[in-house]
Amino acid sequence: FYAGDGSGGQSGNVWRFRFAADAPGTWSFRTFSDVEALDGHFGWFDVRPLDGNEAGVYRLGRLLPMAGEYYLKFVDGPSWIKSGSNDPENFLGAPFDDPGPAFKRTIVDYLVSKGVNAQYMMTHNVDGDARDTWPWWGETAVEAKANHELFDIAKLEMWEEILSYMQRSGVVPHFVLEDDSAWSGYDHRLYYRELVARFGHHPALVWNMGEEYDESYTSSEVTEHARILSELDTYAHPVTVHSRSLAV
């Protein structure tokens, strides 16, 4: 993914990848790109075995659906039963942006003290409910819509800092990728690709395609969106969707 100047600045020439190994040992990599400067880079690195001192979910392996298991299960640990908070769903957005990551860490600490192991959070609620959370460049929803192919690097780095803290604390992010009745005119594949590239390395997270999806999409459309996301996510994190609303 494009990382700007490498320190949160929007302009620069830094590109990064984030990787989570399935096993210890020596791993190799090579880049393939139609941009000459990014193509043909290769190298090796070593991944050490777990030593038992890893914090949070890092000692348990990836959280996945397992054959024959009713609940999600950590590859190297127990089954996982969600005990989570669905509020505030705009956990990643304002007013929390003002105090910054430190305040969000305080919230995570409080949730952990109460036995909570998951947090439901929107990554996009433009034209939805709170209307304060999006990954795109822009101070306002109007600007975010106009820039939906340009991501806010500083904001997404702040999200990464918070998500890493959640993983170390044993809290699983339940990403809701679109609020109910939110704006749907963005490039879905590009949006999913950016989130996977930046956050897919975390061992324990759940992708939720959208809240009350039938307010904006048909079943076929949301199934196609889930297929695209799953195709992009090499780590095969669980993918779900908010249950359909019922007419009364």
Side-chain angles (χ1 to χ4, degrees), residues 1-2 16-23 27 29 31-33 57-58 60-77 79-82 84 86 89 92 117-125 128 133-136 148-149 151 156 159-160 163-164 166-167 171-180 182-244:
F1 61 90
Y2 176 62
R16 286 180 173 152
F17 69 87
R18 290 173 176 153
F19 172 73
D22 293 306
W27 290 74
F29 69 89
T31 66
F32 297 88
S33 176
V57 301
Y58 289 114
L60 302 176
R62 197 164 291 126
L63 181 65
L64 296 173
M66 298 287 194
E69 295 281 344
Y70 185 78
Y71 297 102
L72 299 178
K73 184 181 183 301
F74 290 100
V75 172
D76 299 316
S79 296
W80 182 77
I81 300 176
K82 180 182 178 182
N86 280 15
E89 64 181 28
L92 292 174
N117 65 9
Q119 175 62 40
Y120 185 94
M121 58 180 73
M122 296 287 170
T123 55
H124 153 43
N125 62 16
T133 309
W134 53 80
W136 303 293
H148 71 92
E149 294 183 348
F151 295 91
L156 293 179
W159 289 9
E160 169 64 17
L163 295 173
S164 296
M166 293 175 71
Q167 298 285 280
V171 176
V172 176
H174 185 111
F175 283 118
V176 185
L177 304 182
E178 187 176 312
D179 200 1
D180 56 298
W183 175 62
S184 60
Y186 56 93
D187 183 328
H188 287 68
R189 176 179 285 274
L190 182 62
Y191 172 57
Y192 301 153
R193 189 183 186 282
E194 186 75 12
L195 295 183
V196 168
R198 286 181 171 274
F199 309 130
H201 66 101
H202 290 295
L205 61 85
V206 176
W207 303 115
N208 188 320
M209 302 310 302
E211 190 174 62
E212 298 175 10
Y213 75 88
D214 59 312
E215 294 182 11
S216 299
Y217 304 104
T218 65
S219 296
S220 296
E221 288 171 332
V222 79
T223 299
E224 175 62 12
H225 291 162
R227 185 197 66 78
I228 292 170
L229 177 63
S230 297
E231 180 185 85
L232 291 167
D233 184 6
T234 188
Y235 297 115
H237 292 98
V239 179
T240 187
V241 69
H242 193 290
S243 57
R244 297 184 62 163

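Computed from a predicted model, the values in this text were never measured in an experiment. Scope of the values below: all heavy atoms of this structure, side chains included, with no hydrogens, waters or symmetry mates.
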Residues 66-77, side-chain donor-acceptor partners within the protein, below 3.5 Å, at least two apart:
unit_1	atom_1	unit_2	atom_2	d
E69	OE1	S79	OG	3.4
K73	NZ	G77	O	2.7

Does the ring centre of W136 sit less than 6.0 Å away from the ring centre of Y186?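 So the answer is yes for these two rings.
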
Just to verify, what does R18 make a side chain to side chain contact (heavy atoms under 4.5 Å, CB included) with, not counting sequence neighbours?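 Scan of R18 (side chain to side chain contact (heavy atoms under 4.5 Å, CB included), adjacent residues dropped) gives F1, E157, E160, R198, H201.
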
Output all residues satisfying side chain to side chain contact (heavy atoms under 4.5 Å, CB included) with S184, sequence neighbours left out; order by chain, then residue number.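 Once residues adjacent in sequence are excluded, the partners of S184 under the side chain to side chain contact (heavy atoms under 4.5 Å, CB included) criterion are E178, Y217.
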
Could you tell me the separation between the CG atom of L92 and the CG atom of L163, rounded to the nearest 0.5 Å?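 It comes to 6.5 Å.
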
Please report the interatomic distance CZ(R193) to CG(L232), rounded to the nearest 0.5 Å.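 So the gap between those two atoms works out to 7.5 Å.
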
What is the minimum heavy-atom distance between [X] and [Y], and which atoms define it?
X	Y	value
V171	Q119	CG1-N, 4.0 Å
L156	P135	CD2-CB, 3.8 Å
A182	S216	O-OG, 4.1 Å
P65	A236	CD-O, 4.5 Å
M122	T133	O-CG2, 3.4 Å

Side chains of [X] and [Y]: does their closest heavy-atom pair fall under 4.5 Å?
X	Y	result
L190	E149	yes
L229	L177	yes
D22	R62	yes
F199	P173	no
M209	E221	no

From the options V206, N208, T123, select the one residue that forms a side chain to side chain contact (heavy atoms under 4.5 Å, CB included) with F175.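 It is T123, the one option of V206, N208, T123 that forms the side chain to side chain contact (heavy atoms under 4.5 Å, CB included) with F175.
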
Can you spot which of L63, L64, V57, L60 makes a side chain to side chain contact (heavy atoms under 4.5 Å, CB included) with W80?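 Filter result, single survivor: L63.
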
[X]: what forms a ring-ring contact (aromatic ring centres under 6.0 Å, His included) with it, not counting sequence neighbours?
X	result
H148	W183
F29	F17
H174	Y120

Any side-chain to backbone donor/acceptor pair from Q167 onto A204? Under 3.5 Å, distance only.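 Yes: the side chain of Q167 pairs with the backbone of A204.
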
Measure from the side-chain N and O atoms of Y192 to the backbone N and O of H225, and report whether any donor-acceptor pair falls under 3.5 Å.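 No.
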
Side chain to side chain contact (heavy atoms under 4.5 Å, CB included) evaluation trace for E211 with E89: CA-CA 11 Å; E211 190 174 62; E89 64 181 28; 3.4 Å; yes

Please state whether the rings of Y235 and H237 are parallel, tilted or perpendicular, taking 30° and 60° as the class boundaries.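 Y235 vs H237 ring planes: perpendicular.
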
List the steps and the verdict of side chain to side chain contact (heavy atoms under 4.5 Å, CB included) for L195 and H124. CA-CA 11 Å; L195 295 183; H124 153 43; over 6 Å; no

